[in-house]
There are 4 protein chains.
Amino acid sequence: MTDSQRVQAAGAKRKRLMAAAAQVVHRQGVERTTIADIARAADVPVGNVYYYFKTKDELVAAALAEHERRLQLITGELDRLPDPRDRLKHLVEGWISQRDEAALYGCPTGTLAAELDKREQGGLDVAAGNLIRLLLDWVAGQFRELGQPDPDALAVTLVGAYQGMSLLANALRDPEIMTREGARLVAWLDSL
Amino acid sequence: MTDSQRVQAAGAKRKRLMAAAAQVVHRQGVERTTIADIARAADVPVGNVYYYFKTKDELVAAALAEHERRLQLITGELDRLPDPRDRLKHLVEGWISQRDEAALYGCPTGTLAAELDKREQGGLDVAAGNLIRLLLDWVAGQFRELGQPDPDALAVTLVGAYQGMSLLANALRDPEIMTREGARLVAWLDSL
Amino acid sequence: MTDSQRVQAAGAKRKRLMAAAAQVVHRQGVERTTIADIARAADVPVGNVYYYFKTKDELVAAALAEHERRLQLITGELDRLPDPRDRLKHLVEGWISQRDEAALYGCPTGTLAAELDKREQGGLDVAAGNLIRLLLDWVAGQFRELGQPDPDALAVTLVGAYQGMSLLANALRDPEIMTREGARLVAWLDSL
Amino acid sequence: MTDSQRVQAAGAKRKRLMAAAAQVVHRQGVERTTIADIARAADVPVGNVYYYFKTKDELVAAALAEHERRLQLITGELDRLPDPRDRLKHLVEGWISQRDEAALYGCPTGTLAAELDKREQGGLDVAAGNLIRLLLDWVAGQFRELGQPDPDALAVTLVGAYQGMSLLANALRDPEIMTREGARLVAWLDSL
DNA sequence: GATGAATGAGTCTTCATTCAT
DNA sequence: CATGAATGAAGACTCATTCAT
């Protein structure tokens, strides 16, 4: 193994841990997830996890960062579309396509934020809030480009609707809620 | 102390525990709440809790039942209004009036459902779903009375919006989100 | 078991833990002593230790308190002697009588203070210092009664000599150092 | 880099590790010092430490050896003085000049010996004892040259006083104890 | 029923030591 | 020799649950 391969492997392990943290925490929640769970999912010995993340909270922060990375990927992709309305509609369609995941585990960011907001220390609640704000800001930017009078309020409405429908789909174990509400949102976007 | 007084006292203790469970769990989340936390809030000795609730899960179920009781109280009150549209508008205004609580801890039912849905066993996830369904059904009933074509879908939209705005208010620590989105919902109800 | 017996038993367990903490910590040092070691010595299940002492540091503080209690016992006993010079001489003779213990584990208070002073947080270093100050003050009081011009300095000399001879006896594993240095101190006291 | 330079560099690294071990262990104690602490202080990668010292105990032994080396330096220097009484007085004055260090961390050798004597295996306790014996023997030699009847006992008294005053200065965080007791020792040496 | 105390399984975290290159 | 990474054996601490009166 050459040096660059080793560095890659090390970076790869860190990435595996981040992805595993994001996935396992999404499925089980922060509090019900043990370091051992994440280690197992990433195929890393427990003791070794601490080489990459000094505390469980750092792993949760890494999960948040992973979700942020994914959000950036998605919005980056959408930004290539010329029409902001199309961007928003594709965003909603992406949500709909994740309906089964949402019905099983809810929105990754939303459920994480809800759980972390129960904490009083550590600042992870703020980090989760910032992640949601990132989405809100991007959405507001699209409404602004569309010439809407109050883009921030519209962003809250759209993202709020997403969070609400994810929560209901999850609570009722019914992915079709995502489909129906998603369709309504697309129609609403078209009506603006 | 007579027997009936004792029974009353015992019943009172049970009620105190349910109310404490509902409150503490709302504030701290299920996993971060210990039996001792609830016992302290209810002013009941720890060892005694188990005479009323055999497991922690039963206490969580009791918290759910307490929220159901409160929901029944609210809808029962609203049912006295002659106009179903008014009932829904008052419901939304009630949500707005709870904005500070929502910004601090989110919607009691929604955050509880989100957390319990991460579980695979015990059936508490179903119980939480049923509680939300209760609200959905009542809301759908109002839309039905209003002669709306798809009352169930409208109920999902309204309750989803509530869950979403609560989550955002909580994540961003901004109660005004409740005020603004609530106003939008009232206007929407008026427009139907 | 009656209530008073139960209270006694509970108090007895706490005392057992304090005595065990004092002994085991003296023998093994703070850092090499595990909670399990103390629990075993006190014949208490590990988990139960935390009912009485919330952290390991509290157990160490309890060991310090135990040593303070013993010091109070000793000085209280010595105070019954009419002559302050006799009190000091008996104090030294007590040290000599502990020579085997000293050769094996050093002075309980001194070794504890030396170890705790390596810490930066927690305040246990200060507590250990206060314990030593207690002995210093009592000794200074005797010198004062004897009409000595600088009782505090003499106390430092006497207690310092005790700490030094304990450390040397321990390091060289030679209890006779206590005997010889003790005899010198007694002669010195007589010469004042 | 030539071979001899490499050997020199390697030797330098070893020396850096020994010095770092002596310093860090003095400040933090053996048990609270990690290999990583020493490696960092010596600016040596952690994994590399094991090429020089196979175990942590060997590093502690190296710290002892470093203290022995320093002791040899000091006594070697003092041996150049013609008068053994002067040698002892300078020795004491050296202790006084280290008073701030003593108040913060105690006597390096004494605290190390006290901590190592809590161990049952490994022989480090014996090594620490030997180091102290080295000092005792040198001091006894001076008293012998002075024609004192019991030089060994006097050495125990002098070194014991040093250990005691260091411990008290450390426990009470008061360097002036070193100054005052040191002055007393100098006067005592003059009176012999 | 009431209560303080007891129990032990589970979790996070640290760190000496070893390994692969 | 050099080095970052790997490993696993502890150890502190928590807490749901049970027990003895």
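Predicted model only: the values in this text are computed from it and were never measured.
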Closest approach to the side chain of A:T34, judged atom by atom: which nucleotide of E:dT11, F:dT14, F:dA2 is it?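 It is E:dT11.
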Which nucleotide in the list F:dT7, F:dT17, F:dT3 gets nearest to the side chain of D:Y51?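 Of the options given, the side chain of D:Y51 lies nearest F:dT3.
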For A:V49 and for B:T55, find the nucleotide of DNA chain F with the closest heavy atom, then tell me which residue's nucleotide is more 5'.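 It is A:V49 whose nearest nucleotide is closer to the 5' end.
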Taking the nucleotide of DNA chain F with the nearest heavy atom to each, does C:E31 or A:P45 sit closer to the 5' end?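 Looking at DNA chain F, the more 5' nearest nucleotide goes with A:P45.
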I'd like to know if the side chain of [X] reaches the main chain of [Y], judged simply by a donor and an acceptor atom lying under 3.5 Å from each other, with no hydrogens or angles considered.
X      : Y      : result
C:E115 : C:V30  : yes
A:K118 : B:Y105 : yes
C:H26  : C:G106 : yes
A:N130 : A:A127 : no

Rounded to whole angstroms, how far apart are [atom1] on [X] and [atom2] on [N]?
X     : N      : atom1 : atom2 : result
A:R40 : E:dG10 : CZ    : P     : 13 Å
D:I35 : F:dA6  : CD1   : P     : 20 Å
D:I38 : E:dT17 : CD1   : C1'   : 14 Å
A:Q28 : E:dT11 : CD    : P     : 10 Å
A:Y50 : F:dG11 : OH    : P     : 17 Å
D:D57 : E:dC15 : CG    : P     : 16 Å
B:K56 : F:dT14 : NZ    : C1'   : 11 Å
B:R32 : F:dA16 : CZ    : P     : 13 Å

Toward the 5' end of DNA chain E, by each residue's nearest nucleotide, C:G47 or A:K54: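 In this pair, the answer is C:G47.
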Position toward the 5' end of DNA chain E (nearest nucleotide), B:V46 or A:A36: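 Mapping each residue to its closest nucleotide by heavy atoms, the 5'-most match is B:V46.
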Pairs counted as Watson-Crick or G-U wobble with both distances under 3.5 Å: what dot-bracket string results for DNA chain F, using | for bases tied to another strand? .||||||||||||||||||||
Between [N] and [X], is there an OP1 or OP2 to side-chain N/O distance shorter than 4.0 Å?
X     : N     : result
C:N48 : E:dA5 : no
C:Y52 : E:dA6 : yes
C:K13 : E:dA6 : yes

Should A:I38 and A:V49 count as side-chain neighbours, where that means a heavy-atom distance under 4.5 Å?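 The answer is no; the side chains never approach within 4.5 Å.
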With a 4.5 Å heavy-atom cut-off, do A:R14 and A:L17 have their side chains touching?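 They are not in side-chain contact.
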For A:E58 and A:K54, which heavy atoms make the closest approach, and how far apart are they?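 Nearest pair, atom of A:E58 first, then A:K54: OE1-N, 3.2 Å.
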